[in-house]
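Below: one structure, written as structure tokens.
Note that these values count all heavy atoms, side chains included, but never hydrogens, waters or copies made by symmetry. Counting starts at 1 for both ligands and their atoms, in listed order. Heads up: numbering here begins at 1 and tracks the sequence.
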Amino acid sequence: MLKRISMLVVAGLAAATLSACGSSGGGSGSGGGGDDAITMGFSQVGAESGWRTANTKSVQESAKTAGITLKFSDAQQKQENQIKAIRSYIQQKVDVIAFSPVVESGWDTVLKEAKNAKIPVILTDRAVDSKDTSLYKTFLGSDFVEEGRKAGKWLVEQYKDAKDPVNIVELQGTTGSAPANDRKAGFQEIIGADPKFKVIASQTGDFTRAKGKEVMEAFLKANPDIDVLYAHNDDMGLGAIEAIEGAGKVPGKDIKIITVDAVHDGMQALADGKINYIVECSPLLGPQLMDLAKKVVKGESVPPRVVTEETTFTQEQAKTALPDRKY
Ligand code: AHR
């Protein structure tokens, strides 16, 4: 009897741990219960943008299709919540941990704990800056520096004949995150070659629409002569459009707008002429993530870096692509 009660307590505790980190089953599919069934613990950044919502859907649906049991937690853009979730997955002895790190720094301790517990880790979407690359098996995601370069190249081409200074404001992503650091660096690398391009204000909008609007309102008040907005994602760009319209200016005309992502709402604004150019960042990482997970759990070798294939969109290209856009 005592044994039965303690088993129930253990089961209850396990369930409590699961719900404490906001997990939800992704479906056990054909993998559930078999000898080679895989359980993945996935720590998501949050739900800050249309991109993130599409990424979460892709991961959850792909886990189901692949027969991988998914324990999912939403960190609400807080590193401490991600560390807690990863520790909980280690305790639960999942087969593989995947996560999209909200910021680049500060992961070594928890990654060492996973390594000591012999649980392989896959980085997805965003990178960490750990020197010890043996702490994770692979990193699947976009080349954010290249995305910044693509934005810069379009701008340089648009203003190639301009003689006057080009005043740029920049809405950065979450401070300390890989996409914010890299998209800024890639853009700067290209426009920095010509002194007429001047970034007159640059501030974080945390990848959200609300913050993008708020910061753009402040930019507009402080700077009467803004020529270009470079927003590190569509959502901040869409928030900024509201601010620009609120200030009596015409987005896409009075102020040229470049964003990154190419989610549906961004593409619609591009097709409508309110955004001028979008650099794609694909959130559909789920299928590749599940393939990599199966391989690392089996002990097969995987490439240390898997780069997502992406494109760019002009206003005309957006009109053509919109009807078939999946996110
Ligand atoms: O890490 C990818 C970035 O995170 C996307 O560009 C942005 O929309 C999201 O919040």
Side-chain angles (χ1 to χ4, degrees), residues 42-59 74-79 81-82 98-105 107 122-129 136 139-151 170-187 203-213 215-216 229-241 257-270 275 277-286 288-289 305-313 325-327:
F42 185 92
S43 170
Q44 180 59 289
V45 169
E48 73 282 6
S49 61
W51 188 100
R52 191 63 55 196
T53 307
N55 179 247
T56 293
K57 192 164 169 252
S58 170
V59 169
D74 174 342
Q76 296 176 350
Q77 296 247 65
K78 291 202 175 78
Q79 182 175 32
N81 290 346
Q82 288 201 293
F99 79 114
S100 176
V102 60
V103 291
E104 284 189 285
S105 307
W107 299 100
I122 299 176
L123 303 178
T124 170
D125 162 36
R126 297 183 182 180
V128 298
D129 65 2
Y136 54 90
F139 164 37
L140 162 69
S142 310
D143 181 340
F144 296 134
V145 178
E146 190 53 32
E147 289 173 351
R149 286 189 194 117
K150 286 177 184 168
E170 180 180 33
L171 281 169
Q172 297 178 39
T174 302
T175 305
S177 69
N181 294 341
D182 295 354
R183 286 174 187 164
K184 184 176 183 57
F187 184 72
Q203 210 178 300
T204 182
D206 218 7
F207 281 130
T208 69
R209 221 176 264 216
K211 205 72 202 296
K213 182 178 180 198
V215 177
M216 190 68 200
L229 163 67
Y230 169 43
H232 289 190
N233 81 343
D234 288 345
D235 281 80
M236 292 188 295
L238 292 163
I241 287 172
I257 302 179
I258 310 167
T259 64
V260 183
D261 277 357
V263 295
H264 189 275
D265 289 358
M267 292 287 274
Q268 188 62 61
L270 182 62
I275 293 179
Y277 191 63
I278 300 186
V279 177
E280 186 185 43
C281 176
S282 174
L284 306 181
L285 303 176
Q288 278 172 296
L289 174 61
R305 176 77 169 103
V306 181
V307 183
T308 320
E309 274 181 37
E310 283 150 356
T311 186
T312 55
F313 294 97
R325 205 70 191 147
K326 294 202 173 57
Y327 53 91

Going by heavy atoms in the side chains, are Q172 and R183 under 4.5 Å from each other? no

Within the structure provided, determine whether Q288 and T124 are in side-chain contact (heavy-atom separation under 4.5 Å). no

Below 4.0 angstrom, N of the basic side chain to O of the carboxylate: do E147 and K150 qualify? no

Rounding to 0.5 Å, atoms CG (L285) and OG (S58) come to a distance of 6.0 Å

So M236 and T208, do their side chains get closer than 4.5 Å, heavy atoms only? no

For the CG atom of N181 and the CZ atom of R126, what is their distance to the nearest 0.5 Å? 10.0 Å

As a test of reading the model: which residues have a non-hydrogen atom less than 4.0 Å away from ligand 1? E48, S49, W51, R52, D125, R126, F144, P179, R183, F207, N233, D261

